[in-house]
Amino acid sequence: MKTSAVPGFYKKPLAERLALLKEFADLTDEEVETLSQTGALPEDLVDRMIENVVGTMPLPLGMALNFLINDREYIVPMAIEEPSVVAAASNAAKMARESGGFTTNSTDPIMIGQIQLVGVAHPNAARMTILEHKPAILEKANEQDPTLVKFGGGAKDLEVRVLHTARGPMVITHLLVDCRDAMGANAVNTMAEAVAPMLERLTGGRVYLRIISNLAKYRLARARAVFSADAIGGDEVVEGILEAYHFAAADPYRCATHNKGIMNGIDAVVIATGNDWRAIEAGAHAYAARSGHYSPLTTWERDEEGNLVGTIEVPLAVGLVGGATATHPTAKANVKLLGVKTAQELAQIIASVGLAQNFAALRALATEGIQRGHMSLHARNIAVMAGATVEEVDRVVERLLAAKVVRVDKAQEILEEIRGKG
Ligand code: NAD
C-alpha cells in the first residue's frame, strides 16, 4: 500500500527521494526530471536550505525599469508568477519620474522580540521591576550577538505590557533590537531566549514564548511620489483614483484587494532578494489593522496644482545578511543589481515599488478596468493550459481576444480548429 510515512526520507540521496515520489504518484520520467531541476542553486546548497528537498520551484524573474528613487536610478528585480505586475510597476515608475520619482525614508531597523511571562502575582509591580533592570537585561541580550553590536545594532530598549487575557494577566516584555542589515529573526529569538531566565527570576513568573514579532511597527519604510495629472491622463483619472482610495479606506473588502495589489510589488522584490515574504506579509497586514480598522497601506491626495500625491508606510523587515539573502546566488546577483548597501535602502526601494504597484492598479481600475491589461497575458496562460505549442500560442491568443472569451474550453476549441486546418 502507498504510504506518506517514509522514515529517513531526509537522509536519502536526492535521486532516491525522487524515485520514491515517482513510485508514489506514478510520475513519468519527464515529470521527475521537471521536479528535480535545481536551476541556479547547486544541488548540495538546495539540499541544505530546507528539508526533504527534491528540486526547486522556479519563478519568472523580471526587471522593473524607470525607478528613480531619491535621485538615484534603480533597475528592480521582481520574482513573480502573475502577469502584468512587472509591466505595471515599470509604467507607474515612468509616470512618477516625470515629477522627480520617489522620495523615501525609514526608521532604524528595530525589531521586537516578545517574552511572555505568566503566573505573575503582581503584574504591574513585575512590569516596573523588569523596567528597573533594563540595563542588565539589555547587556545580557547583547552578549549573545557581538557581531550585530559591532555593526551598531543590538538590543536598545525595553517595553513591558500587562496583557489581560482569558487565562489571566500576562506580563509581555518587548526587547527592541536594532537588526542593522539582518532581517533579525534568529538574532532576536536568541536574545529573547537568553534573557528569559532573568525575567523569571525578577518576577517569580514562568516564561513560555520567546519569539520575534512580525508586527514590525518600529521598522517602517516610507515613500512618496507625485503623479502629474497630465502624465496620468488628466483630472478624471485623478478623481477616479481618489474615489478608489477612499472606497478602500472605508471598506475592508475593498481594502484587502487594495493592499494585495501593493503586496504584488513588495513580495516580488522581497522574493527576488531572498527575503522572508511570509514575515513581510504578516507584518504588512497586521500593521494595516493596527487601529482596529483594516486600512490601506498607502494614502492618495490631490495637491494645490491638481496633481496626485501618493504615500506608503509599511513595516519591511528585509535583510542583506542572514537567511537565504546571503546564500541564494540569484538573490545575491539581484542585490548587486540593485546596488544597495544597507537593508534600510533595500526596504525603501521595496516601499517605492509597493506604491508604484498600487498607483498602477488604481489607475487601471479607475479607467479601463483591470481586465483589459491583464487579458492578453492571461490569454497566453490559458492557451498554454489548453495545450498550445510555442508555434500555436500567438494564433490562439489572437482568437481568444477577438472572441472576448478567455477560457480553456474556448482555447481548446480554437486549437482543434487550427489543427484541423493544418
Ligand atoms: P541570521 O541569524 O542568519 O543572520 C543575522 C546575523 O548576521 C546577525 O545576528 C549578526 O550576527 C550577523 N551580521 C553580520 N553582518 C551584519 C550586519 N551588517 N547587520 C546585521 N547583522 C549582521 O539571520 P536573521 O536575519 O537573524 O534571521 C533571518 C531568518 O530567520 C530568515 O531566514 C527567516 O525566514 C527566519 N525566521 C523568521 C521568523 C519569523 O519571521 N517569525 C522566525 C524564525 C526564523
Side-chain angles (χ1 to χ4, degrees), residues 41 45-51 53 56-57 59 79 106-116 138-156 172-196 208-221 263 266-288 314-332 334-336 338-348 350:
L41 294 173
L45 174 64
V46 78
D47 200 21
R48 272 183 278 122
M49 282 177 91
I50 64 164
E51 313 73 40
V53 165
T56 54
M57 170 76 200
L59 279 176
S106 64
T107 63
D108 280 340
I110 307 275
M111 297 300 285
I112 299 169
Q114 294 195 295
I115 303 132
Q116 175 200 26
L138 296 184
E139 192 185 326
K140 180 82 188 163
N142 283 328
E143 278 168 15
Q144 313 308 311
D145 203 334
T147 313
L148 184 58
V149 173
K150 190 183 85 193
F151 283 106
K156 302 286 184 190
I172 310 298
T173 302
H174 285 182
L175 203 52
L176 305 191
V177 183
D178 184 324
C179 296
R180 289 290 99 199
D181 296 323
M183 180 269 176
N186 291 323
V188 171
N189 295 345
T190 307
M191 289 183 181
E193 288 182 14
V195 301
Y208 279 92
L209 271 55
R210 299 149 295 168
I211 177 99
I212 197 163
S213 168
N214 289 110
L215 175 46
K217 72 163 184 179
Y218 298 127
R219 193 174 191 171
L220 301 173
M263 300 315 287
I266 289 182
D267 285 343
V269 189
V270 169
I271 295 170
T273 54
N275 275 289
D276 181 341
W277 75 92
R278 289 85 53 207
I280 299 299
E281 280 283 337
H285 296 290
Y287 191 70
V314 60
L316 277 172
V318 289
L320 297 175
V321 297
T325 52
T327 50
H328 197 303
T330 316
K332 284 203 285 191
N334 285 337
V335 167
K336 182 167 179 190
L338 282 167
V340 289
K341 296 286 177 276
T342 66
Q344 283 163 290
E345 188 185 355
L346 175 59
Q348 290 171 41
I350 295 173

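Just so you know, these numbers use all the heavy atoms, side chains as well, and skip hydrogens, waters and symmetry mates. Just so you know, ligand 1 is whichever comes first in the structure, and atom 1 is the first atom listed for that ligand.
- Not counting sequence neighbours, the partners of R180 by the salt bridge (Lys or Arg N to Asp or Glu O under 4.0 Å) test are D108, D178.
- Heavy-atom neighbours of K156 NZ from other residues, nucleotides or ligands within 6.0 Å: above the threshold of 12.
- Residues A331 and T325 approach most closely at CB-O, 4.1 Å, considering heavy atoms.
- In this structure a side-chain-to-backbone donor-acceptor pair under 3.5 Å is present from N334 to A272.
- When all heavy atoms of D47 and V53 are compared, the pair lying nearest together is OD1-CB, 3.8 Å.
- Protein residues with any heavy atom under 4.0 Å from ligand 1: D145, T147, L148, F151, C179, R180, D181, A182, M183, G184, A185, N186, A187, N189, I212, N214, D276, A279, V321, G322, G323.
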Practice problem: Would you check, one step at a time, whether the test side-chain contact (heavy atoms from CB on, under 4.5 Å) holds for R219 with C179? | Solution: CA-CA 10 Å; R219 193 174 191 171; C179 296; 3.9 Å; yes
